K.L.:
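Would you mind keeping the following structure in view while I ask a few things?
Both backbone and side-chain heavy atoms feed into the values below; hydrogens, waters and symmetry mates do not. By convention in this document, chain letters (A, B, ...) are assigned in the order of the sequence lines, proteins followed by strands, and residues within each chain are numbered from 1. Keep in mind that this is a model prediction, so the values were computed, not measured.
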Protein chains: 4
Amino acid sequence: MTESIGARQAQVERNREALLAAAAAVFVEQGVQAPVRVIADRAGVGIGTVYRHFPSRAELVTAVYRHQLDECASLARRLLEEDVSPAVALTRWVDAFVEFLVTKHGLGVALQSEDPSLLSLRTLMLDKLVPACASLIDAGVAAGQLDPRLTAYALMRAIGNLCILGAHYGRSDAKDMVDRLLIGCRAPQHG
Amino acid sequence: MTESIGARQAQVERNREALLAAAAAVFVEQGVQAPVRVIADRAGVGIGTVYRHFPSRAELVTAVYRHQLDECASLARRLLEEDVSPAVALTRWVDAFVEFLVTKHGLGVALQSEDPSLLSLRTLMLDKLVPACASLIDAGVAAGQLDPRLTAYALMRAIGNLCILGAHYGRSDAKDMVDRLLIGCRAPQHG
Amino acid sequence: MTESIGARQAQVERNREALLAAAAAVFVEQGVQAPVRVIADRAGVGIGTVYRHFPSRAELVTAVYRHQLDECASLARRLLEEDVSPAVALTRWVDAFVEFLVTKHGLGVALQSEDPSLLSLRTLMLDKLVPACASLIDAGVAAGQLDPRLTAYALMRAIGNLCILGAHYGRSDAKDMVDRLLIGCRAPQHG
Amino acid sequence: MTESIGARQAQVERNREALLAAAAAVFVEQGVQAPVRVIADRAGVGIGTVYRHFPSRAELVTAVYRHQLDECASLARRLLEEDVSPAVALTRWVDAFVEFLVTKHGLGVALQSEDPSLLSLRTLMLDKLVPACASLIDAGVAAGQLDPRLTAYALMRAIGNLCILGAHYGRSDAKDMVDRLLIGCRAPQHG
DNA sequence: GATGAATGAGGGTTCATTCAT
DNA sequence: CATGAATGAACCCTCATTCAT
């Protein structure tokens, strides 16, 4: 009996994961505006199940990207502990961030849209990623390698925006432009 | 008689301008996806009048931004004729472009969306702005001031993206980030 | 002065004729449901002129076919005066009627539709064509060549219906079927 | 549990049937072009429910008439197996076909319209009914009772057209005219 | 908890008709 | 009289969300 309860809970969790995976995939293919129905079908569950796990589209979207944001935040912590220069650490983190953004390309759009269904996602980003990015920037500024006027939030928004892909502006263009942006974030040269 | 005909034509033109102004304002407030009905209401006309002037949403969107694109394109020509260094000319043009983008900030979104109703706008941009920007870049590359790998289209897309504003990422942030991007577009230093 | 009034009236009449011709042509090409705007354009007049001449679509449609109905009615009178057998006269008249119907193929539809905008047309047909057809039938019945139970109205409706063309059912099919129908209208054989 | 699921499925099926009945009734009263909204209201469901069951107008229209077409096709098979002369079999089948057409008289119109939303219905008819009718005609021709030039498609189109009812042209008129048409389809008499 | 049928507001677009000039 | 800009009801269809089972 205890087992069957456990089994039921496991099934519940499995549904939740299937939904997150399905939503992530669908967002990549069709954008964040994709119909809820499509996600339910892809996950192999009924549409009611979507709403049981995520009371509104907004919360589904948020949940989908929370995973990725968490991983991205923890990466910053790991990089800071490694034995590399702060500028290199930031570059590597940004590379990873960009890789995320251009792979699951819905995220860039999500960060930019005024859509109220994406508001909670921006809030989440504020909470998770800005501190992570700020810690890297602080280190770089302290080492004299980065422009001290740079703020984590603005940098992340800028990178997020640069990673909104489209016709004739693909993954490599975004990476190239982010690289150029980072060059412009270096500490100004004296003398 | 002639006068009253003229008066009517003037009224028609005023309606058209009112629609363009209303659409521009609504696009800023609600995004380019705003319902046509909202624009009609804002302009104080019936919905049929919108479709009389602009047979489809796509053409309305295009018309809203065409003015700005035209002015931007002609600015590039003027700057090339002035007696400033190519790098300065590009910087000035980009400043003006950014000013446009952040003022009527729907344009950035419009350039990025995959929505078919925005396709004609992207085409318009390609036709009008890319050659203008390319002429400035060419001059800068010829003068050894710009990275020769830079392409006009990618630069414009990047700038357009950087100018998609939002909560806590405003006009001055966008300008700052574009400045940094331009720094990263300079010719690499030898030696 | 009198002349210019006459000239103006002539222009009015010319507009009216142009509208009827345009409507007839458009109805053939696009069906009786064609937008009023299309007819106005084809006639080279403003849409207001259509409504000045024909206060509603219904009256325009009626007017378009009145011409043809008139001609058809007068044909019956002429045939009766010729020196042919009543059966032959009816056959010839039906041939001409069918030719009309399949050429201006909107008419068949118009006769059949429940659309209120076509009500007045059916009324017109009753007034114009039924007497014409009835006179031919009467002669045929009197000569013992036609089934006396045949009514003019039903026969015309039937012929009208048979002449509604469509994919894979063209002009020659309609003619063939009308011929067969007429065979079935002959006086029953005794014996 | 099983019972309540069954009950729900039964309700779904009842909705579907209600929609078909409502559509059939509305088509008779207002024609096949009747707004989907009217059908939804008549069936007592929301408009979304219509589209859930029938993804487009075309599929609703097709579904409404599919039943009748199926029954009509199977009737032809049964008649061929009975011990009656081919001419009698065709007459009986045509009687049944006409009965269908004049009862749900939208079908005649549907077969004739050029509207793309009715294309699938015509296709359906081609697939279902033409072979059925052709088998009867073939038998009649083989028995020397029918004009060998007769084609199933044209005959059915003609009968369909004759069954488009209207003011002063009712069910008995249509039946009478179809009878006369069939007389005209008999094998020509030899000298 | 899971299901998916039902809902209905809302979106883009068309077109008959009116009316000021 | 002629014009054609303006109107807005109506149409088809989509999709987020609810809720009975």
K.L.:
Taking D:L118's backbone N and O only, do any of them form a donor-acceptor pair with D:R57's side chain (distance below 3.5 Å, no angle check)?
P.N.:
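A pair under 3.5 Å: no.
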K.L.:
What integer distance in Å separates A:Q30:CD from F:dA16:P?
P.N.:
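Whole-Å distance recorded here is 11 Å.
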K.L.:
Is D:E13 salt-bridged to D:R8, cutoff N-O under 4.0 Å?
P.N.:
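Looking at D:R8 together with D:E13, the answer is no, because their closest N to O distance does not fall below 4.0 Å.
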K.L.:
Do C:L20 and C:F54 come within less than 4.5 Å of each other through their side chains, counting heavy atoms only?
P.N.:
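The answer is yes, as the side chains (C-beta and beyond) meet within the 4.5 Å cut-off.
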K.L.:
Using a strict threshold of under 4.0 Å (side-chain N to carboxylate O), is an ion pair present between B:E59 and B:R66?
P.N.:
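Result for this pair is no, no salt bridge flagged.
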K.L.:
Taking atom P of F:dG4 as reference, at what distance in whole Å does atom CD1 of C:I39 sit?
P.N.:
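The answer, rounded to whole Å, is 17 Å.
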K.L.:
Send over the distance from B:E59 CD to E:dT14 P, rounded to a whole Å.
P.N.:
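That distance rounds to 11 Å.
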K.L.:
When you check every protein heavy atom under 4.0 Å of nucleotides 15-20 of chain E, what one-letter string (B, S, -) results, 5' to 3'?
P.N.:
SSBB-B
K.L.:
Would you indicate whether the side-chain heavy atoms of B:Y51 and B:V36 approach each other to under 4.5 Å?
P.N.:
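In short, these two side chains touch, coming nearer than 4.5 Å.
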K.L.:
DNA chain F: D:V38 or C:T49, which has the more 5' nearest nucleotide?
P.N.:
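With D:V38 and C:T49 compared, the 5'-side residue is C:T49.
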K.L.:
Could you state the CG-P distance from B:D41 to E:dG12, rounded to the nearest angstrom?
P.N.:
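It is 12 Å, rounded to the nearest whole Å.
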K.L.:
Distance check needed: E:dG1 C1' versus A:R14 CZ, whole Å only.
P.N.:
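Spelled out: CZ on A:R14 to C1' on E:dG1 is 14 Å.
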K.L.:
Please find the pair of heavy atoms, one from B:I39 and one from B:L19, that lie closest to each other, and give the distance.
P.N.:
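Minimum heavy-atom contact is CG2-O, 4.1 Å.
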K.L.:
Taking any strand in view, what nucleotide pairs with E:dC19 in a Watson-Crick or G-U wobble way, both distances under 3.5 Å?
P.N.:
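For E:dC19, the partner nucleotide comes out as F:dG4, under the 3.5 Å rule.
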K.L.:
Could you check how far CZ of D:F54 sits from P of F:dC13, rounded to whole Å?
P.N.:
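One finds 14 Å between P of F:dC13 and CZ of D:F54, rounded.
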K.L.:
Distance check needed: E:dT13 C1' versus B:H53 NE2, whole Å only.
P.N.:
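In whole Å, E:dT13 C1' and B:H53 NE2 are 16 Å from each other.
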K.L.:
Should A:N15 be listed as having a side-chain N or O under 4.0 Å from OP1 or OP2 of E:dG1?
P.N.:
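So the side-chain polar atoms of A:N15 never come under 4.0 Å of the phosphate oxygens OP1 or OP2 of E:dG1.
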K.L.:
What integer distance in Å separates C:Q9:CD from F:dA2:C1'?
P.N.:
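C:Q9 atom CD is separated from F:dA2 atom C1' by 16 Å.
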